[in-house]
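Read the structure below first, then the notes.
Numbered from 1 within each chain, the chains take letters A, B, ... in sequence-line order. In this text the structure is predicted, and so the values were computed from the model without any measurement.
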Protein chains: 2
Amino acid sequence: MSKVEAELTWREARRQNARADLLAAAWEMVREGGLGALSLRKLAGRAGTTTPTVYAYFESKNAILDVMFREGAESFAQSNAQPLAEGTPQQQLLAHAQRFASFCISDVARYQLLFQHSLPGFSPSPESYAPAVRALESARQLIERAGVRDPRHLDLWTALMTGLVDQQISNDRGGDRWIRLIDDAVAMFLAYSASEQSAG
Amino acid sequence: MSKVEAELTWREARRQNARADLLAAAWEMVREGGLGALSLRKLAGRAGTTTPTVYAYFESKNAILDVMFREGAESFAQSNAQPLAEGTPQQQLLAHAQRFASFCISDVARYQLLFQHSLPGFSPSPESYAPAVRALESARQLIERAGVRDPRHLDLWTALMTGLVDQQISNDRGGDRWIRLIDDAVAMFLAYSASEQSAG
DNA sequence: GTCTATAGCTGGATAGAC
DNA sequence: GTCTATCCAGCTATAGAC
């Protein structure tokens, strides 16, 4: 490696480091005050710098949100890629549901960014959106393997899961009033799905 | 009625009229652009007046939102107070669920105002909140009459209903992809609730 | 790359003339 | 009660010195 190349990569490393610092500060802000609390002034202040410096690393506020969305989507894909404990497809579906709920609850701001399209003026770029759909597709396959074929039942499943998570976040944040009902929810869903399968 | 008294009530009527016009314009705005789109400047413009005039009728923006919340909560209570068609408690529960979904879908902004605590800095006054809890309590009784005693199952029910409505609003607004699953959802819930009842 | 300073806009809320 | 004009705060984003 030439001296010039070393210099280049060193600078690049420094640059990535500064970007990472800003992103870390941004995550901190949204975790404390919700997605709406992300302001570039305060972000700069928290990172120990000023707004023009932020613009040296990101071309706009939405560019920051886009990277955050990407990071969140990749965490989601990674969580879903972990192998589940051995067991029947039904047991694995339960484990999957619990893992999904944990992922959402453990970082509410990330959940809102990924799953609630609630930021006026922001929508993720296709590149940032890709890992999210990848993860959702893998979840779909897991549900199919548990014996759920009817796409209507798949919609029912997503409504049930997001309903539990939303209620938990909205009405008992930090508690477990709805999350602890996941066992019941999965049992209820599988029983109905099986009965429909045999009936229809 | 004396001449003075007539004058007073006439003025009062005019005043209530102006208030109602402003509120109508406010509902129009949030229906078009979401709750966040409510700004006093634009509200005044739409009502054909100016901001100081708005402040002649409401002491703050939150005061407007509070009245809107109250109106929405009263509509909700009124919807829930309508008698349901004759039938078994289970049939009535289904009808109740459909009515709830219709209420939510028919005015998304109102739904967000009432059921999603998503406006930073606003929370309804106790007086405006009262009709909402009244309506929710009547819903709870209806569910109990359908044979659902376990409070855990009641939480499961709310998660299921709000989950369906949220998915419908977020991912298929104007369509019926999730709403049409209400029959299945209610059947699923009742089957599970009954089986638990006999088992436990 | 990093700063100071500021442009340009939108928001809620008010002062004061009429 | 209704207006014009304005205050003050917050925001994203940029110009220009260093």
Examine B:His153 together with B:Tyr192 and report whether their ring centres are nearer than 6.0 Å.
-> yes

Would you call A:Arg46-A:Glu28 a salt bridge at under 4.0 Å N-O?
-> yes

Provide, to the nearest angstrom, the distance between the CG atom belonging to A:Leu43 and the P atom belonging to C:dT2.
-> 14 Å

Are a donor atom and an acceptor atom from the side chains of B:Asp150 and B:Gln197 found within less than 3.5 Å of each other?
-> no

Phosphate OP1/OP2 of D:dT2: any B:Thr50 side-chain N/O under 4.0 Å = no

Among D:dT4, D:dA13, D:dT14, which nucleotide sits nearest the side chain of A:Pro52?
-> D:dT14

Within the modelled atom types, does a donor on one side and an acceptor on the other bring the side chain of A:Arg41 and the base of D:dT12 under 3.5 Å apart?
-> yes

Interatomic distance, A:Asn17 CG vs C:dG1 C1' [rounded to whole Å] = 15 Å

Counting just side-chain N and O atoms, does B:Thr49 come under 4.0 Å of either OP1 or OP2 of D:dT2?
-> no

Consider the side chain of A:Arg15, meaning its heavy atoms from C-beta on, and name the nucleotide among C:dA13, C:dG1, C:dT4 that approaches it most closely.
-> C:dG1

Taking only the side-chain heavy atoms of A:Tyr57 (C-beta and beyond), determine which of C:dT2, C:dG12, C:dC3 contains the nearest atom.
-> C:dT2

Are B:Arg140 and B:Glu137 close enough for a salt bridge, meaning some N to O gap below 4.0 Å?
-> yes

Taken to the nearest whole Å, OH/A:Tyr55 to P/D:dC11 is 12 Å

Does the side chain of B:Lys42 get closer than 4.0 angstrom to OP1 or OP2 of C:dG11 through an N or O atom?
-> yes

From D:dG1, C:dT2, D:dT12, pick the nucleotide closest to the side chain of A:Thr53?
-> C:dT2

So what does B:Leu38 hit on the nucleic acid, given a heavy-atom distance under 4.0 Å: a base, only sugar-phosphate, or nothing?
-> sugar-phosphate

